Every structure is written in C-alpha cells, then in structure tokens.
Amino acid sequence: MAIQTFNITHKGVEAPIEFEDDMEFGKFEIIIQKCSNFSEGSNPVDNVQNYRKEIMLNAIKKAPFEISESGLNGLGYKTVGLIADKILEAYPLGNYLNRMMKPFEDSLKKIS
C-alpha cells in the first residue's frame, strides 16, 4: 500500500490529493458488499455510483476539502470526475469481479 499524489484545482488554487492505492481486503470486501447483489448472477453490481463514492471516501487520505460524502457532493462534477478517474485506476471494479467470478464460472463449465 502506497500513497499516491496528484493535484486538482480547488477554489482557484492548485492543491494535492493523496490517496492510498491499495486498501485492506476486509475494507474492500465491505465496499463490494454495500454495492453488489450476488443473488443475481448476471448483474452482480447494482450500484456503481455507490462503489465509486465508497472507494474515493476510503482511499483519499488528504484533500483540500472535507473527506466526506458532503465534501464530495460540494465539488464540481468535473473535479469529482478527475479525482475518481485517478483513484479508480487503482481499484478497477471489472478486474475484481472477473477474479471473484472466475472460479464459479470454471466450475459451471466442468458441470456442463
């Protein structure tokens, strides 16, 4: 787990965002549990917006705004998009889901 830094413009001033590029397995699993429904095999993630928000709130360690849901909600759409793009590179949901589902898909192929 390492701290990554990038800059954003916040209230007309360039300021750093620091985030952790990896998080504890248990914390990540809690986020997935909040955002998914594995009872439906064809669509396991039912709240991508919540996933994005939860990852940002749990990964950001330093920011020029309050690290909270209201802090994110008070930012401009483009600013949040930039922050999300940078942070979510470290937490690609598709890769996680593929790794998680692969053993189940492989076992279904053996049954067929």
Side-chain angles (χ1 to χ4, degrees):
M1 293 184 244
I3 298 292
Q4 303 292 325
T5 304
F6 62 94
N7 291 323
I8 63 165
T9 302
H10 181 66
K11 297 184 178 181
V13 177
E14 187 140 324
I17 300 279
E18 291 182 2
F19 74 97
E20 200 162 29
D21 67 359
D22 196 8
M23 70 177 67
E24 295 87 7
F25 177 76
K27 186 185 288 188
F28 189 76
E29 287 289 301
I30 290 169
I31 291 171
I32 293 297
Q33 186 177 24
K34 285 182 179 179
C35 304
S36 59
N37 175 5
F38 287 97
S39 64
E40 289 287 327
S42 62
N43 187 22
V45 176
D46 60 3
N47 196 332
V48 175
Q49 294 87 356
N50 196 34
Y51 174 81
R52 182 171 77 157
K53 178 188 69 176
E54 289 292 330
I55 290 293
M56 287 190 290
L57 291 175
N58 283 279
I60 296 172
K61 300 303 175 197
K62 179 182 176 187
F65 53 86
E66 181 182 325
I67 303 170
S68 66
E69 188 171 346
S70 62
L72 285 175
N73 288 341
L75 298 174
Y77 175 78
K78 290 179 183 178
T79 301
V80 172
L82 173 67
I83 295 167
D85 288 347
K86 294 282 190 183
I87 293 174
L88 291 173
E89 285 177 15
Y91 299 94
L93 180 59
N95 289 354
Y96 173 80
L97 293 175
N98 285 338
R99 276 189 237 126
M100 186 175 175
M101 297 306 289
K102 185 170 179 9
F104 300 108
E105 291 170 355
D106 289 349
S107 67
L108 290 175
K109 288 177 188 173
K110 289 178 184 177
I111 294 171
S112 302

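Since we're looking at a predicted model, the values are computed, not measured.
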Peer 1: Side chains of Phe19 and Ile3: does their closest heavy-atom pair fall under 4.5 Å?
Peer 2: no
Peer 1: What I'd like to find out is whether the side chain of Glu20 reaches to under 4.5 Å of the side chain of Asn58, using heavy atoms alone.
Peer 2: no
Peer 1: For a quick test of reading the model, state the closest non-hydrogen atom pair linking Ile31 to Ile55 and the distance between them.
Peer 2: CD1-CD1, 4.0 Å
Peer 1: Evaluate the side-chain proximity of Gln4 to Ile87: yes if any heavy-atom separation is below 4.5 Å, no if none is.
Peer 2: no
Peer 1: Counting C-beta onward and ignoring hydrogens, is there a side-chain heavy-atom pair between Phe65 and Ile17 closer than 4.5 Å?
Peer 2: yes
Peer 1: To the nearest 0.5 Å, what is the distance between CZ (Phe25) and CD1 (Ile32)?
Peer 2: 10.0 Å
Peer 1: Should Val48 and Arg52 count as side-chain neighbours, where that means a heavy-atom distance under 4.5 Å?
Peer 2: no
Peer 1: Return yes if some donor-acceptor pair links the side-chain N/O of Thr9 with the main-chain N/O of Gly12 below 3.5 Å, else return no.
Peer 2: no
Peer 1: From Lys34 NZ over to Glu54 CD, what is the distance, rounded to the nearest 0.5 angstrom?
Peer 2: 3.5 Å
Peer 1: Side-chain contact test, heavy atoms from C-beta onward, threshold under 4.5 Å: evaluate it for Leu88 versus Tyr51 and give yes or no.
Peer 2: yes
Peer 1: Taking side chain as C-beta onward, heavy atoms only, is Ile30 less than 4.5 Å from Phe28?
Peer 2: no
Peer 1: Just wondering, more than 12 heavy atoms not from Lys61 lying within 6.0 Å of its NZ?
Peer 2: yes
Peer 1: About how many Å separate CG of Asn7 and NZ of Lys86, when rounded to the nearest 0.5 Å?
Peer 2: 9.5 Å
Peer 1: First locate atom CD1 of Ile60, then atom CD of Glu18, and finally report the distance between them rounded to the nearest 0.5 Å.
Peer 2: 11.0 Å
Peer 1: Quick one: CG on Asp22 to NZ on Lys27, what's the gap to the nearest 0.5 Å?
Peer 2: 11.0 Å
Peer 1: Is there side-chain contact between Pro64 and Ile8, with heavy atoms separated by less than 4.5 Å?
Peer 2: yes
Peer 1: Can you tell me how far apart CG (Asn73) and CD (Glu66) are? Round to the nearest 0.5 Å.
Peer 2: 11.0 Å
